[in-house]
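Remember, it's a predicted structure, so these values are computed and weren't measured experimentally. Just so we're on the same page: letters track the sequence lines, and every chain starts at 1.
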Amino acid sequence: MSELDRLRRTFFDECEELLASLQDSVTALAAPDAGGQHAAAVAAAFRAAHSIKGGAGAFGSGILVEVAHLTETVLDAIRSGRMAPSDALVGTLLRAGDALADCVSADRDGVPPPENPPVLAELRRLLGTPADSTPPAAPANTLPDFPVIRADTAPVPPAPPAAPPPRVWTIDFAPNAKALAAGHQPLLVLRALKALGPLQTVCDSSHIPPLDALELTESYLRWTLSLTTDIAPEVVAEPFAFVAPLCPPQITANDGSRIGFDPLGVGSLLTTDSPAPVQEVDPTPLPEPVSPETDPPLDPVRPWAGPQQAASSIRVDVERIDRLVNMVGELVITQAMLAQQAQGLAEDRFPMLFQGLEDLASHTRELQESVMAIRAQPVKSAFARLPRLVRETAQALGKRARLILIGEETEVDKSVVEGLSDPLMHLIRNAIDHGIEPPEERRAAGKPEDGTITVLAEHRSGRIVIQVSDDGAGINLAAIKRKAIEQGLLPRGADPSDDELYELMFHPGFSTVELISNISGRGVGMDVVRANVNALGGRILVRSYKGRGTAFALTLPLTLAVMDGMLLQAGDETYVLPIANILESLQPAADAIHHLVGRGPVLSVRGQYTPMVDLARMFGHRSDPCDPTRALVVLCEAEDGGKVALVVDSLIGQQQVVIKSLERNYGHCEGISAATILGDGRVALILDVAGLRLLAARRHRREGDDPHG
Amino acid sequence: MSTRVELPALLTPGDAVMLRNSLLAALATSGRIEVDASAVQHLSVQGVQVLLSFVASANATAHPWVLKAPSEDLVAQLESYGLFPQLMTWPVEV
Amino acid sequence: MPTAHTLAVLVVDDHASIRGLTRHGLSQIGVSDVVEAANGTEALAALGQKRFDLVIADWTMDGMDGLDLLARLRANPIIGRTPFILLTARNDADSVRTAIAAGVNNYIVKPFDVPTLRSKIEAVLGPLA
């Protein structure tokens, strides 16, 4: 990729951020101006449009420049009070933002941008300019001293054929008292070097004593020089020709070349040009009767600090980070494999090996956390489009709704943030369409006319929870049941629990006339929302209260790559249970196990009954039921708070596992969230506790009162 | 009351001795020291060391001082010596 | 006559693409000693470390904008006269007048091409060898 291509890419990356900032700011204008945030929003929007325009001339199309220019001009008019931010104006600005985004993506992909987008006319009408006006340039004749040139983006002339890259010479130069006594002046050396090429001069003056202790014949200064030049080494050494016998400088180049000085022939040089055989003559000065105390104090050579370029952040291709994430994933597997191989060894015989393995484990974990932190992003960007969505959807449906966002700064892996956007938008549309009642209905119910939609993000026990709630009418479970029976999803006369009815909403075949409208029924049902969330390793839960509202909670892993798991043995198979789900493990007494009709066996722990699932039997590895009083029971809690007691043969141990999606290759398997590769190379399935619970409940109902479940 | 020390046009190794004495005497007073640098054309390394040493002493004792009207040659030569960052931290008056 | 390859130029812009484009343009003219700063604060830090022959700065930046930076630069007794070229997408006459009144040495309107960059620099520093 050429340098200009890279710059072009940087520009389009910046545009993404600028467009988001523009939209945020314009959206903020739609809210009432409490505390004067309008002024800040207008300024921020202006800067964003202005910056897009600045780079657009070089990297983008004329149409992008023009839309950016007109948008900027309108924002400038608002800023200076010549226009007031009405709803119509905000609408135009949002459409201008969309047009800019369209142009940016067209320019980025190298396809022709939309010709004359309709918003151009709108902007021109606002500004009262004729349709064919171009961005007004300052008339040159009014500005004799500064002729303003609206430069055309002429292609940059091709660079001359590349010469061999210049070397960067690092020179450590510390004159001593002898050199000063002989009349040498470092300034002459420094000036001579400067004539050879760009020179970076760093002077270490830290050894200068206070004035009353200063010895005038002494030399206290030391220089570290960096010279970039393609000139021959002998020429680089020349300025030192006379001073070198007294205080030879250390000269090395970035390609490994060094320049050494012959201590015998004053002024004669011995250079070696290649990095390989270093024929450097010992650079000790002529043996002279110099008393040690007159020698200047020398500290170890400090590495040159490099050019002063403060940078607080760098932009990195996501692909590169992903590669790093994958490599760390592989490293986690290798580390687990080594740990497993070492298990058979006697720890007291190989203490160093075990220490090393322990260190490897902790370093691997730190490395992995650091890599994940690079990808972490506030969920804010997934929330960015929501205010506008709420406004437009409510408007289209004749409803009134306000949006409250909480926890926008909550950080989660970039891929999770990206995957959140679609489900969130669907849930919001759904909430306005089906949740929030029309204003008159709300008034009649004694509620404020404005419905409230709250989107909350927070970290909860190693996962992120995103909750979308509304204060609307709540889900009509009776209607769901009726429709489900009509559509044959439920047998007539069935008595499903509330949970199971909620569950039906996510069924691919399920739809009710009440649930379809032009807004949320765009062919994307709740089943797609759930599939999206499942693909992220997440789960979606519903709670609804009649007349008071509905809440959808998405719980998602913080990262899609690695998690802490407990390895379980069930029959001949090894399973991985996420540590986050484990409450405790126990060996229950026989009287703690009860059999309830239609619910299978349950475990009583401290007065609470928890359904039991025999893992090996559930997945068909074993037909005989396992005796829980002899085996082990792991008490788990799903993200929704539901509990289940897993009956397993034994616990193998705790381990970090790399998550490999099954859904991408096989589709969704109930009770299983993903797979992983163990240290010995075998594949193990990762359990999905909430899924197991539902699976068990269904099976018990089907098997009727089978006492073993 | 301030003490004024004028830097010579050619700050040679020999002049560095006299400069050191003048600056030591100035540091012995309590007033502000004005180091007039308007005439400087050449700075020997010995002169530079005296200047740096004076700055170190003044800073160590919080003695008020100012570099008056530094000449272009002084600035350019301090830059060549690699002492520009240090110069930028000194109190300067035009 | 200044020689391009001995010039040290500070480029200040809050967008990496514009900084890179300016650096690229400067390299076409033969200027290789270029330091980049992403905002006014970074620019002041850079100005305290090294003497620059020229500052090319964006006008619109968060925090300290280009003209604020210019005022801070002009107030410094050592480097106050460093030539300063404003690089901006504002091309209306009022903006140009404001910039001149603030003491910029020249004014480049984005987008710019290499000949423009060269002519503006030469207008400030004299013909480049």
Task: Steps toward side chain to side chain contact (heavy atoms under 4.5 Å, CB included) verdict (B:Leu43, A:Leu187) - done: CA-CA 9 Å; B:Leu43 266 181; A:Leu187 190 58; 5.5 Å; no
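Listed here is the closest heavy atom pair of A:Cys203 and B:Gln86: O-NE2, 3.6 Å. In terms of heavy atoms, B:Leu52 sits closest to A:Ser205 at CD1-CB, 3.9 Å. Nearest heavy-atom pair, A:Ile208 versus B:Ser53, reported as atom, atom and distance to 0.1 Å: CG2-CA, 3.3 Å.
With a threshold of 4.5 angstrom between heavy atoms, A:Leu190 approaches chain B through side-chain atoms but not through N, CA, C or O. With a 4.5 angstrom heavy-atom cutoff, B:Val50 touches chain A via backbone and side-chain atoms both.
Between the side chain of B:Gln46 and the main chain of A:Thr217, no donor-acceptor pair closer than 3.5 Å is present.
Counting heavy-atom pairs closer than 4.5 Å to chain A, the top-ranked of the candidates B:Pro13, B:Ala56, B:Ser44, B:Ala16 is B:Ser44.
B:Gln49 places none of its side-chain heavy atoms less than 4.5 Å from the side chain of A:Glu215.
With rounding to the nearest 0.5 Å, the separation of CZ in B:Arg20 from CG in A:Leu214 is 6.0 Å. Note: A:Lys194 NZ to B:Glu79 CD = 4.5 Å, rounded to the nearest 0.5 Å.
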